[in-house]
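Notes follow once the structure below has been shown.
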Amino acid sequence: MTEVDIVIVGGGPSGLSTALHLQAARPQTKLVVLEAETYPREKICAGGLGARGLRMLDRLGVSVDCPMVPLDAIALRVGGKVIVTRDPGLGVVVRRVEFDHALAKATIAKGIDVRDGTAVSRIEVQEDHVLVETERGDGFRAKAVVGADGVGGIVRRALGFGRGELRAQVVELDTEDLPSDLPRDTVVFDFTASDLHGYAWDFPTQVAGKPMVCRGAYVLHHLGPDSPKQRIAAYLAGRGLELSRYRLKQFAERGLEPDAAISRPRVMLVGEAAGIDIATGEGIAQAIEYGMLAGPYLARALDRDRLSFGDWRQHIDGRHLGTQMKIRHLCYRVFYGHRRPTVERVLTQVPSLMKLGVQDFAGHPLSKLALARGAGQFLAAMVREGMRAPE
Ligand SMILES: Cc1cc2nc3c(=O)[nH]c(=O)nc-3n(C[C@H](O)[C@H](O)[C@H](O)COP(=O)(O)OP(=O)(O)OC[C@H]3O[C@@H](n4cnc5c(N)ncnc54)[C@H](O)[C@@H]3O)c2cc1C
């Protein structure tokens with residue numbers, strides 16, 4: 001039995017970011033990251049990463065050495081129009097198999113104990129410690145455990161957090177570039193199918209050095225039965241592509257629910273284990289941000305020997321991550337509500353709304369005034385449109 005301060009279950013961006021930020025805040029902490037798979041490991045994901053995610057790592061002196069497609073614009077196909085918002089350097093597209101491997105290497109280079117091929121099989125929370133067992137037969141006695149094990153992880157399941165209500169099913173595949181695609185510095189979110197609770201996307205990507213496009217469909221299946229496979233088949237057919245020619249991958253996503261518990265004594269959840277943005281399914285930068293908050297939070301808790309984590313949710317809610325999740329949850333409710341046609345028209349008329357979203361994705365700080373102005377413009381346009389065409 002190995003004695004440590006903290007066991008982090010899961011070596012994706014949230015687990016590795018938590019480890020890096022905890023070590024930076026409290027270098028003497030004995031911590032171990034346990035990752036079930038062996039790097040380089042696949043994570044089904046389109047790899048769109050806002051520049052803010054890389055900046056958070058940069059501040060720790062961590063640069064992730066892997067291929068990246070630079071992004072300068074986000075395009076929205078909505079309400080019969082294409083709205084392109086430019087913000088040079090707003091983010092990148094990565095391949096998760098490469099990004100997570102490079103991040104794990106950078107974490108190990110900082111002297112952090114990251115053990116891959118080490119799946120956690122049992123967790124037992126006692127009053128003054130937590131016992132963690134792995135499939136390989138290792139045992140750890142820790143002061144606390146961080147669940148960074150993603151959408152289907154063991155920490156949530158074993159400790160009774162429930163599976164969560166806000167769930168998406170997501171499918172994706174990589175195809176060749178098409179002449180009809182937008183320039184390769186642009187990611188596209190396509191809301192053309194107005195009966196789809198979700199969207200389709202085209203992200204420029206690079207597979208083994210070859211320029212390709214990752215296309216997919218994000219389907220909020222808790223809002224009604226739907227078939228992600230049929231959605232992507234129809235989307236591809238509209239572009240003259242045949243689904244059967246490509247390798248389709250499918251995975252789930254979990255949204256952070258307002259007021260959902262994401263901790264209990266000696267256990268806290270981060271990243272997709274806790275929940276990410278349900279409106280867009282964006283989760284990589286959020287995972288890194290969870291870690292950026294969890295590191296100093298854990299350091300303080302260890303210093304004070306107070307590991308109840310009763311205010312972990314409150315801690316997040318009071319910071320940028322919490323505000324962003326609240327705003328995106330509101331967007332999700334408004335967009336997928338019964339006024340969707342009006343909202344779509346408003347989005348095409350008030351480009352500043354899209355600009356706010358892009359600025360936030362890129363990591364430019366948004367003032368309360370800018371947010372209030374955006375909300376005011378949205379409401380005014382909704383009233384105007386509602387009066388023009390009541391639904
Ligand atoms: C199809 C698809 C497309 C997406 N596209 C984007 C996108 O373009 N941009 C974006 O920002 N987000 C995207 N996301 C969301 C994003 O992939 C996740 O939100 C993000 O990976 C969450 O990071 P994480 O570290 O919390 O969890 P994960 O990245 O899921 O990492 C969890 C880790 O825990 C490990 N683990 C699980 N169980 C155990 C265990 N028992 N013991 C030890 N380790 C364990 C897993 O092997 C895994 O490595 C997409 C998701 C899907 C499904």
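Counting starts at 1 for both ligands and their atoms, following the listed order. Side chains are part of it too, since the values below use all heavy atoms of this structure and drop only hydrogens, waters and symmetry mates. Positions are given from 1, in the same order as the sequence printed here. Only a predicted model underlies this, so the values are computations on that prediction, with no experimental measurement involved.
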Taking only heavy atoms of [X], which atoms of ligand 1 are found under 4.0 Å from at least one of them?
X    : value
L34  : 43 (C), 44 (N)
A46  : 3 (C), 4 (C), 5 (N), 6 (C), 8 (O)
G271 : 26 (O)
A287 : 23 (O)
V9   : 42 (N), 43 (C)
G48  : 7 (C), 8 (O), 9 (N), 10 (C), 11 (O)
A119 : 42 (N)
G281 : 12 (N), 13 (C), 14 (N), 15 (C)

For [atom], closest protein heavy-atom neighbour:
atom                    : result
atom 1 (C) of ligand 1  : V170 CG1, 3.4 Å
atom 36 (N) of ligand 1 : D149 CB, 3.8 Å
atom 20 (C) of ligand 1 : R96 NH1, 3.7 Å
atom 24 (P) of ligand 1 : S14 OG, 3.4 Å
atom 12 (N) of ligand 1 : G283 N, 3.0 Å
atom 18 (C) of ligand 1 : E272 OE1, 2.9 Å
atom 42 (N) of ligand 1 : V120 N, 2.9 Å
atom 31 (O) of ligand 1 : G12 CA, 3.6 Å

Requested in this report: Please say whether more than 12 non-hydrogen atoms of neighbouring residues, nucleotides or ligands are located less than 6.0 Å from CZ in R373.
Outcome: no

Taking distance alone, with no angle check, do [X] and ligand 1 share an N/O pair under 3.5 Å?
X    : result
R41  : yes
E172 : no
Q286 : no
I44  : no
A273 : no

Report task. Could you tell me whether R340 sits above the aromatic face of Y336, with NZ or CZ closer than 6.0 angstrom to the six-membered ring centre and within 45 degrees of the axis? Result ->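 Checked: cation-pi criterion not met.
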
Report task. State whether E385 and R339 are salt-bridged, where the test is any N-O pair (Lys NZ or Arg NE/NH1/NH2 against Asp/Glu carboxylate O) under 4.0 Å. Result ->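 No.
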
Query raised in the report: Are any of the side-chain nitrogens in D185 or R86 under 4.0 Å away from the carboxylate oxygens of its partner?
Result: yes

Please confirm whether [X] approaches ligand 1 to less than 4.0 Å, judged on its heavy atoms.
X    : answer
G216 : no
I154 : yes
K249 : no
F203 : yes
Q250 : no

Donor-acceptor pair, distance only, cut-off 3.5 Å: does the side chain of [X] make one with the backbone of [Y]?
X    : Y    : answer
R266 : E127 : yes
D5   : K30  : yes
E272 : A287 : no
D87  : L90  : no
T118 : D116 : yes
E35  : E37  : yes

Query raised in the report: Is there side-chain contact between W312 and L293, with heavy atoms separated by less than 4.5 Å?
Result: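 With C-beta onward as the side chain, the pair touches.
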
Requested in this report: Would you indicate whether the side-chain heavy atoms of Y218 and T280 approach each other to under 4.5 Å?
Outcome: no

Query raised in the report: In terms of hydrophobic clustering (I, L, V, M, F, W, Y; side-chain heavy atoms under 4.5 Å; direct or indirect links), are V146 and L131 co-clustered?
Result: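 In one cluster with V146: L131, no.
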
Query raised in the report: Between E35, E42, E37, K43, which one has a non-hydrogen atom sitting closest to atom 46 (C) of ligand 1?
Result: E35

Requested in this report: Can you figure out which of G11, A148, G10 has its heavy atom closest to atom 32 (C) of ligand 1?
Outcome: A148

Query raised in the report: Measuring from K249:NZ to E172:CD, what's the distance to the nearest 0.5 Å?
Result: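 CD of E172 is found 5.0 Å from NZ of K249.
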
Query raised in the report: So, for V207 and M212, which heavy atoms are closest and what is the spacing to 0.1 Å?
Result: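 Closest approach of V207 to M212, heavy atoms only: CG2-CG, 3.6 Å.
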
Requested in this report: Provide the closest heavy-atom pair for R77 versus D190 in the form atom of the first, atom of the second, distance.
Outcome: NH1-OD2, 2.8 Å

Report task. State which residue, out of V187, V213, V69, fulfils the side chain to side chain contact (heavy atoms under 4.5 Å, CB included) condition with F203. Result -> V187

Query raised in the report: What part of A36, side chain, backbone, both or neither, has a heavy atom within less than 4.0 angstrom of ligand 1?
Result: both

